[in-house]
Amino acid sequence: MGCSLIYYRVVVFLHMQQTAMLRKWIGLLALSVYLIFTGPNPAHAQSGLSRFDNGVLANLETRRTEGATRTLRFIADINNGVNIAVPVGLLTAGLIRNDAQMKRDAGYIASSSAITALFNFAIKRIVKRPRPFITNIHLTPVYRAGDYSFPSGHTSLSFSTATALVRSYPKWYVIVPSFAWAATVGYSRMYLGVHYPTDVAAGAMLGTGMAFATGFIRR
């Protein structure tokens with residue numbers, strides 16, 4: 001019991017060190033929600049953002065090719081697997097090498113993704129933004145995704161994993177492929193017609209913010 005209490009207090013103390021940063025990121029995300037759905041002039045703001053969102057998706061729809069569609073659908077489909085494989089791979093390597101820091105890095109990346117997923121789930125049910133193809137019948141998705149649209153879950157998880165991995169291993173050969181993958185996942189959600197650009201931007205902010213907010217785990 002004594003050891004458990006000490007561990008709990010240490011985790012709470014470390015968590016408090018990240019509170020200010022977490023507030024900033026949540027505040028920024030809340031501001032983006034405000035601007036998307038209300039703004040200083042609700043009708044004008046929503047109309048402008050709607051035109052932007054729908055215009056981007058309509059343009060991407062006209063540029064679809066069979067090869068690109070197949071590739072980007074594949075990337076979107078395996079994204080969750082990649083987000084699991086990264087921490088599992090690090091944990092396995094850490095166990096084999098008996099590397100304590102690598103095991104902590106694995107826990108950090110997994111925790112960042114898990115907390116991101118929880119926040120994503122909660123925000124979707126608070127905002128309840130319909131998918132693009134539901135609000136705009138002129139848009140044709142590659143497939144009809146379920147659930148709500150804002151923010152993009154695929155994007156938030158890919159940026160959470162990428163940011164946490166880069167913070168753990170800040171080398172160019174980790175940074176470039178990590179963020180290239182995350183950006184491609186975000187692009188795929190728009191290309192496939194299942195998310196607005198603002199959904200993707202908010203997802204990137206959420207995932208990146210959570211990776212920073214949970215950084216205390218790897219120390």
Side-chain angles (χ1 to χ4, degrees), residues 11 14-15 17-33 72 75-94 101-127 129 145 147-171 173-190 192 194-219:
V11 170
L14 290 174
H15 175 68
Q17 308 308 305
Q18 302 295 319
T19 301
M21 181 175 291
L22 181 57
R23 283 203 197 103
K24 289 178 182 178
W25 279 102
I26 292 176
L28 188 58
L29 185 61
L31 177 62
S32 70
V33 173
L72 291 172
I75 288 173
D77 287 344
I78 67 171
N79 181 59
N80 288 338
V82 171
N83 293 324
I84 294 172
V86 171
V88 169
L90 280 175
L91 177 60
T92 302
Q101 183 60 58
M102 189 172 286
K103 288 185 281 187
R104 282 196 296 272
D105 291 337
Y108 161 48
I109 295 170
S111 298
S112 175
S113 294
I115 296 172
T116 296
L118 289 174
F119 269 79
N120 188 277
F121 179 85
I123 295 170
K124 279 180 181 288
R125 274 143 192 81
I126 292 171
V127 177
R129 188 184 200 183
D147 206 355
Y148 297 113
S149 190
F150 184 93
S152 167
H154 281 69
T155 307
S156 63
L157 287 174
S158 64
F159 270 90
S160 174
T161 299
T163 304
L165 183 60
V166 165
R167 293 195 73 207
S168 299
Y169 304 96
K171 306 293 185 182
Y173 49 82
V174 175
I175 296 171
V176 173
S178 295
F179 284 117
W181 172 264
T184 302
V185 170
Y187 177 77
S188 76
R189 306 313 288 159
M190 296 183 292
L192 297 172
V194 294
H195 276 295
Y196 291 111
T198 44
D199 298 336
V200 171
M205 288 168 53
L206 176 62
T208 302
M210 284 303 161
F212 276 93
T214 55
F216 67 91
I217 295 174
R218 68 180 297 268
R219 293 175 185 169

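The distance from the OG1 atom of T116 to the CG atom of L157 is 6.5 Å, given to the nearest 0.5 Å. Here T214 contributes atom OG1 and I109 contributes atom CD1; the two are 10.0 Å apart, rounded to the nearest 0.5 Å. Here the CG-NE2 distance, from N83 to H154, works out to 9.0 Å after rounding to the nearest 0.5 Å. Of the inter-residue distances, the one linking N120 atom CG with D147 atom CG reads 8.5 Å to the nearest 0.5 angstrom.
Side-chain N or O atoms of Y108 include one that pairs as donor or acceptor with a backbone N or O of A211 at under 3.5 Å. Side chain of K103 to backbone of G94: no donor-acceptor contact under 3.5 angstrom is found. A donor-acceptor pair is defined here as one N or O able to donate and one able to accept, closer than 3.5 Å; no such pair exists between the side chain of H195 and the backbone of F150. Formation of a donor-acceptor pair under 3.5 Å by the S156 side chain with backbone atoms of G153 is found in this model.
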Notebook entry, point to check: Stepwise, does the side-chain contact (heavy atoms from CB on, under 4.5 Å) test hold for V127 with Y148?
Noted result: CA-CA 8 Å; V127 177; Y148 297 113; over 6 Å; no
Note to self: Could you go through S112 and S160, starting from their C-alpha distance and side-chain angles, then the distance that decides it, and tell me whether this counts as side chain to side chain donor-acceptor pair (under 3.5 Å)?
What the structure shows: CA-CA 6 Å; S112 175; S160 174; 2.6 Å; yes
Next item on the list: Please step through side-chain contact (heavy atoms from CB on, under 4.5 Å) for the pair F159 and M205, ending with a clear verdict.
Entry: CA-CA 8 Å; F159 270 90; M205 288 168 53; over 6 Å; no
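A cation-pi arrangement is present between R125 and F121 under the rule of less than 6.0 angstrom and at most 45 degrees off the ring axis.
By the side chain to side chain donor-acceptor pair (under 3.5 Å) test, D105 is found to be paired with Q101, Y169, R218, residues two or more places apart in sequence or in another chain being considered. Checked against side chain to side chain donor-acceptor pair (under 3.5 Å), S113 has the following partners two or more places apart in sequence or in another chain: T161.
Across all their heavy atoms, P151 and A202 have their closest contact at CB-CB, 3.9 Å. Annotation for I217 and S111: closest pair CD1-CB, 3.4 Å, computed over non-hydrogen atoms. A pairwise comparison of heavy atoms in G186 and V200 identifies O-CG2, 3.5 Å as the closest pair.
Side-chain contact between T155 and R189 is present, with heavy atoms from C-beta onward closer than 4.5 Å. Looking at heavy atoms from C-beta onward, I75 lies in side-chain contact with W181 at the 4.5 angstrom threshold. T184 places a side-chain heavy atom less than 4.5 Å from the side chain of L72.
Between D199 and R129 there is a salt bridge, since a side-chain N of the basic residue sits under 4.0 Å from a carboxylate O of the acidic one.
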